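Following: one structure in structure tokens, then a few remarks.
Naming convention: chains lettered A, B, ... in sequence-line order (proteins, then strands); numbering from 1 in each chain. All values reported here derive from a predicted model rather than from experimental measurement.
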Amino acid sequence: MLPKAYDPKLVEEKLAKIWQEKQVFKSKNDGGKNPYVIVIPPPNITGALHMGHGLNDTLQDVLIRYHRMKGFDANWVPGLDHGGIATQNVVEKTLAKEKKLTRHDLGREEFVNTVWQWYKDCGSAIYTQFEKMGWALDQSNIRFTMDEERAAAVYECFKRLWDKKYIYRGKRLINWCVRCTTALSDIEVEHEQRSGKLWHLRYKGADGGADIIIATTRPETIFADSAVAVNPHDEKYKNLVGKKVLIPLTQKAIPVIADEAVELGFGTGALKITPAHDAVDYEVGARHGLEIISVITDKGRMINVPAKYEGMDREVAKKQVVKDLEEAGLLVKEEKYDNAVSTCYRCGSAIEPFLSEQWFVKMDNLAAPAIKAVESGAVQMHPENWKTPLLNWLKNIQDWCISRQIWWGHRIPVWYCRQCSGTGLTFAADKQGRTQLVKVSFEDGAKPILSQTQPACPHCGGKDTVQDPDVLDTWFSSGLWPFSVFGWPKETPDLKHYYPTNMLVTGYEIIYLWVARMIMMGIEFMGKPPFPHVFLNGIVRDKTGKKMSKSLGNVVDPLDLIKKYGADATRFSLLIQAVPGKDIPYGEDSVVGARNFCNKIYNAARFIQMNAEGVEGKLALPAQNTELCDIWILSRYNKAVAAAAKAIEGYDMAAAANTLYHFLWGDFCDWYIELAKPRFTTQDKKRVAAILVNVLYGTLKALHPFMPFITEEIAAGFRKFTNESAEFLLRQSYPASDAKFINEAAEAQMALLQGIITQIRTVRAQFNVPPGAKIKVLFSTSDAREQAVINKYFAYITALAKADNLVCGMDLTRPAQSATAVFANTAIYIPLEGLIDFAKESARLAKELSIVETGIANRTRMLGNENFVKNAPAGQVAKAKEELSQMQLKASQIKEAIAGLK
RNA sequence: GGGCUGGUAGCUCAACUGGUCAGAGCGUCCGCCUUACACGCGGAAGGUUGUAGGUUCAAGUCCUAUCCGGCCCACCA
């Protein structure tokens with residue numbers, strides 16, 4: 001005898017191993033089957049997987065397993081992302097915590113080695129999680145964005161873009177994170193409303209001219225001011241344009257200029273122009289040929305400022321400058337002001353607009369065909385409402401800053417010669433006398449060397465070449481993922497067979513960072529978009545709807561859930577809430593519910609097994625069935641399976657999971673199994689067992705993509721009754737719905753019986769009839785068909801409503817001392833001598849009556865409205881008529897019952 | 001400033017192209033250890049579908065306005 005409760009621990013670990021050993025997840029590129037391909041959004045190696053991965057990858061797993069069972073060569077390509085800045089930050093933090101070292105203590109080479117070691121540890125932890133979650137990922141086939149093949153792809157991509165002159169180096173004002181000390185691309189910057197202050201400062205007129213008051217949120221940058229700008233149409237300042245004013249604290253004279261960028265009416269109408277530290281100012285400065293003065297270093301410290309402030313942190317300097325301005329009487333006003341602060345998406349520090357030399361990719365030519373692909377529907381977003389934002393982004397695309405001043409990542413494959421100037425490099429000695437790369441310029445025909453490994457200089461033959469110190473944006477390599485995973489640029493058989501992929505499943509928060517880049521790169525290098533469909537999943541939030549974050553302490557760890565409830569329950573709890581595109585508020589109660597469902601499946605199987613064991617041989621589904629509940633369950637089953645498949649194909653996993661959940665728990669367990677119980681002692685035994693086994697087995701297959709472990713485990717025990725030869729469900733076929741089993745008439749008959757049974761149960765509960773007591777019931781109907789059904793299936797009512805001595809006839813009289821219920825056209829009389837509470841019964845009936853009367857009134861009004869009769873579809877009118885007559889009958893029966901009470 | 005999105009039972013969410021009495025899970029209440037399952041069984045209570053108008057024979061579903069959330073994009077100091 002099996003234990004009463006399902007214990008996932010006993011099966012999950014075992015099956016996860018067997019699946020890998022027997023290579024159940026391996027795809028076979030042998031031309032036999034159509035491919036169905038999904039490349040995994042490679043998780044960053046920044047730590048353990050979280051619930052977001054749990055959802056995202058489980059959705060992919062459902063699609064992969066479903067298509068595998070549908071006969072496709074389903075290939076879910078596993079892999080990891082090196083994660084650039086994010087990973088470097090994590091490793092640096094660990095290093096600081098564990099060894100009190102910085103990356104500079106280790107030096108670049110040693111640090112990079114440390115990260116590789118980290119990758120090994122963190123990576124293998126992630127692989128273990130893949131297995132524990134039951135994801136059908138072939139572990140022998142893992143890719144990593146930094147492995148050799150992917151590095152080759154990155155190099156090839158860089159080279160081709162360089163050759164097309166899409167990649168260039170330029171001095172620009174870029175987004176700089178002073179904590180990570182690196183440049184970021186525009187989309188790596190987040191905007192956050194922070195409460196701050198707006199200071200009004202007095203800039204005195206030079207040579208006795210008028211003063212100007214400007215408003216700024218960044219007083220510490222006044223030392224970098226090159227001008228004060230006003231709107232050209234601003235009457236107030238018209239006479240001042242061309243004059244000079246003095247920067248407070250330094251008395252440096254700067255011109256007053258007119259520029260449209262200044263908005264009339266905002267603040268004081270005058271804007272200090274600081275080209276080196278503000279994007280707008282940079283443009284204004286360019287238009288007016290202003291001097292660019294940097295006063296903040298890459299670490300966020302003050303430089304080129306009066307000695308007093310030199311070396312101060314920018315935030316400290318801000319306070320000091322305000323204080324000094326106040327003392328100098330030049331601070332006119334200080335007001336509260338909320339403004340959007342740009343922050344680093346990796347560490348949250350305030351971004352500093354920073355003038356520096358960086359590598360860029362020119363994007364407009366890459367975006368154009370991607371726009372076309374999205375507009376034409378060659379790439380479709382699900383849900384569709386993301387199409388517009390994606391298009392808007394592509395249409396307003398900015399050049400992509402791809403260089404990062406960090407150590408972990410693909411090094412920019414550009415080399416310079418230290419022996420000649422042919423590669424565009426200028427060197428100088430720094431304070432310590434080390435030779436530093438100071439300036440790269442490809443003007444004057446200088447050409448750098450593109451190479452993955454150290455080359456000799458093609459210009460002078462010198463061997464003293466040095467590689468560009470920067471690394472590429474981590475998204476540069478992930479943009480190539482859908483084809484780099486198949487070995488591109490090599491023309492491998494896999495590349496041919498599996499590209500383009502069928503589907504991308506990812507979160508909407510990385511549409512621009514990743515999805516858009518893949519589309520552009522795929523078209524550029526492969527000639528085709530990498531996938532026709534993008535399925536966007538929501539974010540898993542905590543149960544109050546907040547984003548899960550370590551700082552809030554509301555993070556749920558999938559591994560904990562697995563330990564407590566099993567992987568199937570963890571998966572199912574996510575899937576049943578996975579409405580396309582919607583965020584999921586996640587609480588532990590949902591996984592408890594899913595765990596209970598697992599137990600329900602297990603126990604249903606246990607029960608069926610107990611009763612099927614005695615039966616010899618196979619249990620084929622009977623071709624002909626005459627018993628109502630058999631016909632009914634087969635009809636329900638075939639409908640459920642069809643609905644589940646349809647929902648999966650529409651990416652509505654919540655609908656699919658719900659359908660199967662309710663079919664199995666409701667129809668199958670609550671009704672069919674209960675009706676089956678008494679039949680085990682009759683001639684019907686083998687037939688019932690056969691239907692139970694087959695419907696259960698089919699349902700297990702239908703559920704397998706959702707809960708792979710428990711379904712595999714149970715199905716394995718039942719396979720001997722079936723004709724299945726394949727050992728694993730993944731190698732068996734997804735159940736097909738067979739229309740010949742769908743029987744609306746049987747479902748209607750069964751619905752009548754279910755309704756009647758429920759009515760009787762309600763009455764029993766209402767009047768506290770002892771659960772064991774059998775009660776007599778009379779059915780009085782005016783409908784011959786209903787009479788026939790009830791008469792024929794007395795047994796169902798006896799069994800499920802604990803009734804006895806049933807009598808069914810046309811228009812019977814209501815016995816005294818009985819409770820009355822009405823279902824369809826049948827009145828149900830339950831004699832309850834001594835048990836009945838007349839007041840209670842009267843109240844119950846009155847309530848019932850009022851509901852029915854509302855229904856009657858509605859339908860009478862509808863049918864009395866000639867526009868309804870004229871305009872509504874004939875079916876609707878007939879339905880209303882039918883309902884009206886039934887309700888009228890019901891009302892009269894209830895009235896009669898009320899009148900007869902006593 | 002532009003765009004997207006949501007406001008449905010105590011909670012979390014469903015409801016296909018407008019058409020039964022708006023559903024489920026959890027929670028609550030009542031009764032049950034009925035020989036698969038108390039991680040269970042049976043039953044009940046609970047909703048003017050944010051608000052105000054409109055279109056329609058018919059609206060949670062379409063339109064307008066409005067209030068309250070959430071998100072994304074954008075160079076207003």
For B:rA65, what is the paired nucleotide under Watson-Crick or G-U wobble rules, both distances under 3.5 Å?
B:rU51
Let me know the distance between CG of A:Asn596 and C1' of B:rA24, rounded to the nearest Å.
15 Å
Nearest heavy-atom contact between A:Val688 and A:Ala676 is CG1-CB, 3.5 Å
Closest of B:rG43, B:rA77, B:rC26 to the A:Thr758 side chain is B:rG43
Length of the CG-P vector between A:Leu391 and B:rC4, whole Å:
13 Å
Check this one for me: any side-chain N or O of A:Thr762 less than 4.0 Å away from OP1 or OP2 of B:rA44?
yes
Can you identify which nucleotide, out of B:rA36, B:rC73, B:rC57, has its nearest atom closest to the A:Tyr512 side chain?
B:rC73
Classify A:Asn658 by what it touches in the nucleic acid, base, sugar-phosphate, or nothing, heavy-atom distance under 4.0 Å.
nothing
Determine the interatomic distance between C1' on B:rU28 and the same-named atom on B:rG70; round to the nearest Å.
30 Å
A:Leu552 side, atom CG; A:Lys547 side, atom NZ - distance, nearest 0.5 Å
11.0 Å
If only side-chain N and O atoms of A:Trp671 are considered, is one of them under 4.0 Å from the OP1 or OP2 phosphate oxygen of B:rG42?
no
Given atom OH of A:Tyr508 and atom P of B:rG70, what is their separation to the nearest angstrom?
13 Å
Taking the side chain of A:Lys802 as its heavy atoms from C-beta onward, which of B:rC30, B:rA77, B:rU34 lies nearest to it?
B:rU34
Could you check which of B:rC37, B:rA77, B:rC39 has an atom nearest any side-chain atom of A:Arg606?
B:rC37
Ignoring hydrogens and angles, are the base of B:rA14 and the side chain of A:Gln577 linked by a donor-acceptor pair under 3.5 Å?
no
Aromatic rings A:Phe572 and A:Tyr661: how do their planes relate, parallel, tilted or perpendicular, breaks at 30° and 60°?
parallel
Does a side-chain N or O from A:Lys582 land closer than 4.0 Å to OP1 or OP2 of B:rU12, or not?
no
Watson-Crick or G-U counterpart of B:rC4, or none if no pair lies under 3.5 Å
B:rG70
Among B:rU20, B:rC41, B:rG25, which nucleotide sits nearest the side chain of A:Trp665?
B:rC41
A:Phe597 versus A:Leu660, closest heavy-atom pair with distance
CZ-O, 4.4 Å
Any side-chain N or O of A:Asn871 less than 4.0 Å from the OP1 or OP2 oxygen of B:rC57?
yes
Who pairs with B:rG40 - Watson-Crick or G-U, where each distance is under 3.5 Å:
B:rC32
Ignoring backbone atoms, test whether A:His191 places a side-chain nitrogen or oxygen under 4.0 Å from the OP1 or OP2 oxygen of B:rC72.
no
Distance check, P atoms only: B:rG2 and B:rU66, in whole angstrom units.
13 Å
Taking only side-chain nitrogens and oxygens of A:Lys600, does any of them come within less than 4.0 Å of OP1 or OP2 of B:rC41?
yes
Check this for me: does the side-chain of A:Lys677 come within 3.5 Å of the base of B:rA36 through a donor and an acceptor?
yes
What contact category does A:Ala279 fall into here, base, sugar-phosphate, or nothing, at under 4.0 angstrom with non-hydrogen atoms?
nothing
Using a 4.0 Å heavy-atom cut-off, does A:Pro873 contact any base of the nucleic acid, only the sugar-phosphate backbone, or nothing at all?
base
Taking the nucleotide of RNA chain B with the nearest heavy atom to each, does A:Trp393 or A:Lys847 sit closer to the 5' end?
A:Lys847
Under 4.0 Å, counting only non-hydrogen atoms across every strand here, what does A:Val592 touch: a base, just sugar-phosphate, or nothing?
nothing
Under 4.0 Å between a side-chain N/O of A:Arg859 and OP1 or OP2 of B:rC21, yes or no?
yes
Between B:rC21 and B:rA58, how far is it from one P atom to the other, in whole Å?
14 Å
Taking atom C1' in both B:rU48 and B:rG60, what distance in whole Å separates the two?
12 Å
If the test is side-chain contact (heavy atoms from CB on, under 4.5 Å), which one of A:Leu55, A:Asp542, A:Val540 qualifies with A:Tyr586?
A:Val540
When rounded to the nearest Å, what value does the distance between P atoms of B:rU12 and B:rG50 take?
15 Å
Using heavy-atom distances to pick each residue's nearest nucleotide on RNA chain B, tell me which of A:Asp589 and A:Pro585 is more 5'.
A:Pro585
Does A:Tyr602 place a side-chain N or O at less than 4.0 Å from the phosphate oxygens OP1/OP2 of B:rC37?
no
Measure the distance from CG on A:Asp542 to P on B:rU12 and round it to the nearest whole Å.
11 Å
Examine distances only and state if a side-chain atom of A:Lys840 and a backbone atom of A:Gln766 form a donor-acceptor pair shorter than 3.5 Å.
yes
Once you round it to whole Å, what is the distance between C1' of B:rC71 and CD of A:Glu192?
14 Å
Establish, with yes or no, whether the OP1 or OP2 oxygen of B:rG43 is under 4.0 angstrom from a side-chain nitrogen or oxygen of A:Arg761.
yes
Which of these passes side-chain contact (heavy atoms from CB on, under 4.5 Å) with A:Trp199: A:Lys333, A:Lys318, A:Arg218?
A:Lys318
With both distances under 3.5 Å as the test, what is the Watson-Crick or G-U wobble partner of B:rG25?
B:rC11
Roughly how many Å is it from CG in A:Asn867 to P in B:rU55, rounded to a whole number?
14 Å
Which nucleotide in B:rG42, B:rA77, B:rC21 has an atom nearest any side-chain atom of A:Ile851:
B:rC21
Between B:rA22 and B:rU49, how far apart are the P atoms? Round to whole Å, please.
10 Å
Can you tell me which nucleotide in B:rC37, B:rG19, B:rC75 comes closest to the side chain of A:Asn599?
B:rC37
Note: A:Lys639-A:Glu744 ion pair, threshold 4.0 Å (strictly below)
yes
Of B:rA36, B:rU5, B:rC13, the nucleotide closest to the side chain of A:Asn385 is B:rU5
Report the distance from atom CD1 of A:Ile584 to atom P of B:rG25, rounded to the nearest whole Å.
19 Å
From CG of A:Asn603 over to P of B:rA38, roughly how many Å is that when rounded to an integer?
7 Å
Among B:rC13, B:rC21, B:rC26, the one nearest A:Met887 by side-chain distance
B:rC21
Under 3.5 Å, is there an N or O donor on one side and an acceptor on the other linking the side chain of A:Lys870 and the base of B:rC57?
no
Using 4.0 Å as the upper bound for N to carboxylate O, is an ion pair formed by A:Lys564 and A:Glu588?
yes
